[in-house]
**Student:** 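This is the structure I want to talk about, given as structure tokens.
In each ligand, atom 1 is the first atom listed, and ligand 1 is the first ligand listed. Side-chain atoms are counted along with the backbone in the values below, which use heavy atoms only and exclude waters and symmetry mates.
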Amino acid sequence: MMNQKVRELLNDQINKELYSAYIYLDFSNYFEERGLDGFANWYFIQAQEERDHAMLFYRYLLNNNEKVELKAIEKPSYALTSDLDVLKHGLEHEMLVTSLINNIYAEAYNDKDFRTMQFLDWFVKEQGEEETNANDLITKYELFASDAKGLYMLNSELKARVYSAPSLVL
Ligand code: FEO
């Protein structure tokens with residue numbers, strides 16, 4: 001039987017990951033309106049990955065015979081006032097998600113819930129990658145997107161991103 005605090009945090013994380021998907025869909029929508037289809041593509045795929053993350057938490061609870069309780073998804077709250085602002089909100093958001101994952105990990109550790117810790121190991125690594133990707137995007141934008149040609153090239157690079165399903169299988 002899973003510790004109730006750990007279960008609640010895992011259950012909440014389903015909602016947080018779906019909220020992340022919603023935020024990235026909002027970012028994608030912002031870039032669609034700007035006519036930057038590569039940036040829009042990059043965040044659309046990001047939204048798909050977040051939905052996958054939610055499903056992994058959902059499936060993990062069910063596989064452990066734990067109850068899942070779906071909650072309302074909040075409206076995206078970030079004010080999207082410039083391209084760079086959007087990219088920075090992306091990093092800010094990933095740092096928040098990292099802290100949430102670490103918090104669940106700490107509770108699982110306290111409870112000697114080694115199974116949940118092992119499940120979360122994939123997310124700890126994933127968060128490291130997501131923060132790096134978000135940071136790289138900011139750096140590239142600041143370095144190359146100050147003129148139309150640079151922005152065009154960066155947009156083309158981001159258009160090449162393709163979706164791939166998560167490597168974690170439950
Ligand atoms: Fe599922 Fe980007 O954290």
**Student:** To make sure I understand the geometry: which N, O or S atom in E17 is closest to atom 1 (Fe) of ligand 1?
**Tutor:** OE1

**Student:** Atom 1 (Fe) of ligand 1 to E49: any N/O/S contact under 2.8 Å?
**Tutor:** no

**Student:** N/O/S of E130 less than 2.8 Å from atom 2 (Fe) of ligand 1?
**Tutor:** yes

**Student:** Is there a donor-acceptor contact under 3.5 Å linking the side chains of Q127 and E131?
**Tutor:** no

**Student:** Classify the ring geometry of Y19 against H93: parallel below 30°, tilted from 30° to 60°, perpendicular beyond 60°.
**Tutor:** perpendicular

**Student:** Could you check whether the rings of F123 and H53 sit parallel, tilted or perpendicular, using 30° and 60° as the cut-offs?
**Tutor:** perpendicular

**Student:** For the residue pair D26 / Y78, report whether a side-chain donor-acceptor contact shorter than 3.5 Å exists.
**Tutor:** no

**Student:** I'd like to know if the side chain of Q118 pairs up with that of R115 as donor and acceptor (distance under 3.5 Å, no hydrogens or angles considered).
**Tutor:** no

**Student:** Determine which of the N, O or S atoms in H53 is closest to atom 1 (Fe) of ligand 1 and give its atom name.
**Tutor:** ND1

**Student:** Please name the atom of E50, restricted to N, O or S, that is closest to atom 1 (Fe) of ligand 1.
**Tutor:** OE1

